[in-house]
Amino acid sequence: MARGKKIYEGKAKILFEGPEPGTIVQYFKDDATAFNAEKQDVIDGKGALNNRLSEYFMIGLNHIGVPTHFLKRLNMREQLVRSCEIIPLEVIVRNYAAGSMSKRLGIEEGTQLPRPIVEYCYKDDSLGDPLVSEEHIAAFGWASQQDMDDILGLALRVNDYMSGVMYGVGIKLVDFKIEIGRVYEGDFQRLVVADEISPDSCRLWDLETGQKLDKDVFRRDLGSLTDAYAEVARRLGVMPKGTGPKPTLVN
Ligand code: TMP
């Protein structure tokens with residue numbers, strides 16, 4: 001499918017104009033970044049894995065009535081999505097303490113939280129996506145109270161869906177980040193899950209061994225990132241051909 005003009009290039013994806021008005025082609029790069037792009041690498045196969053995994057999760061969400069921007073996967077690296085206006089917030093849901101929450105509050109990584117905790121960060125790379133409160137969001141007009149009610153509902157539904165799907169394949173959903181888009185339908189607007197849901201934006205730990213199967217493998221230099229993502233894809237039955245671990249040669 002012919003894609004149109006490049007609209008935006010981010011750290012892990014490129015957006016192009018889609019074939020119909022209101023559509024966008026989302027291209028998954030192999031680039032990996034961490035710590036606001038202080039650490040960077042190109043990891044062969046990551047884009048294809050995230051494209052497939054995000055497709056899998058978004059289709060599942062659509063099936064259970066959680067609206068997403070996803071329309072269809074086009075090829076190994078591209079998917080067609082609805083164009084939407086991204087609300088400038090990273091919506092994080094945490095089931096177990098880890099990462100920045102563990103650091104900020106001194107809670108040991110892996111401690112189960114009394115209930116899922118939702119946090120908001122203001123999406124601004126130049127500021128390092130700072131944590132903000134609903135007071136900031138309301139005062140600066142990033143989202144309305146109605147939007148915030150809808151966002152909380154979406155975030156918790158995604159959490160229940162993702163936790164269940166991952167539990168079914170022996171993986172604990174520690175936390176994740178989603179982005180929310182606004183789509184216009186005539187006089188109406190509604191919020192949908194946008195961007196991507198992949199091991200780049202989740203923490204996924206093997207239930208038995210605690211092995212990390214997400215971007216922390218890259219952030220913390222714990223081994224092969226594609227092996228970790230391919231393991232998630234393999235367990236879910238969405239392993240794309242040609243991205244599996246390379247066979248080990250024994251002489
Ligand atoms: P954090 O513990 O570093 O705040 O990360 C919380 C979750 O959000 C974790 O699943 C990783 C994800 N995340 C992103 O998707 N993008 C980011 O830029 C950051 C910092 C975290």
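Ligands are counted one by one from 1 in listed order, and the atoms in each one are counted from 1 as well. For reference, positions follow the sequence shown, starting with 1. Everything numeric in this text was worked out from a predicted model, so none of it was measured. Hydrogens, waters and symmetry mates are skipped; everything else that's a heavy atom, side chains included, is used.
Annotation: side chain of L204 is in contact with side chain of L173 (closest heavy-atom distance under 4.5 Å). Inter-residue side-chain proximity for R104 and E119 is flagged as met; some heavy-atom pair is nearer than 4.5 Å.
Using a 4.0 Å cut-off between heavy atoms, K215 makes no contact with ligand 1 at all. Here C202 has backbone heavy atoms under 4.0 Å from ligand 1, and that is the only part of it that gets that close.
For K103, the heavy-atom gap to ligand 1 stays at 4.0 angstrom or more.
Between E196 and K215 there is no salt bridge, since none of the side-chain N atoms of the basic residue sits less than 4.0 Å from a carboxylate O of the acidic one. Taking 4.0 Å as the cut-off between side-chain N and carboxylate O, R157 and D160 do not count as a salt-bridged pair. The pair R182-D150 fails the salt-bridge criterion, with no side-chain N (NZ, NE, NH1 or NH2) lying under 4.0 Å from an Asp/Glu carboxylate O.
Of all atoms in ligand 1, listed by their number and element, those nearer than 4.0 Å to a heavy atom of F176 are 10 (O). Applying the 4.0 Å criterion to heavy atoms of G99 picks out, from ligand 1, the atoms 2 (O).
Among protein heavy atoms, the minimum distance from atom 21 (C) of ligand 1 is reached at R219 NH2, 4.1 Å. For atom 14 (C) of ligand 1, the nearest non-hydrogen atom of the protein is K177 CE, 3.6 Å. Of the protein's non-hydrogen atoms, the one nearest atom 10 (O) of ligand 1 is D175 OD1, 2.5 Å. Scanning the protein for heavy atoms near atom 4 (O) of ligand 1, the closest one is S100 OG, 2.6 Å. Of all protein heavy atoms, the one closest to atom 3 (O) of ligand 1 is R203 NH2, 3.6 Å. Protein heavy atom at the shortest distance from atom 18 (O) of ligand 1 is E90 OE1, 3.9 Å.
The cationic group of K39 lies under 6.0 Å from the six-membered ring centre of F218 and within 45° of the ring axis, placing it in a cation-pi geometry.
For the salt bridge (charged side-chain N to carboxylate O under 4.0 Å, His left out) with K46, the lone residue among D200, D214, D30 that qualifies is D200.
Between the side chain of Q79 and the backbone N or O of L71 there is no donor-acceptor pair closer than 3.5 Å.
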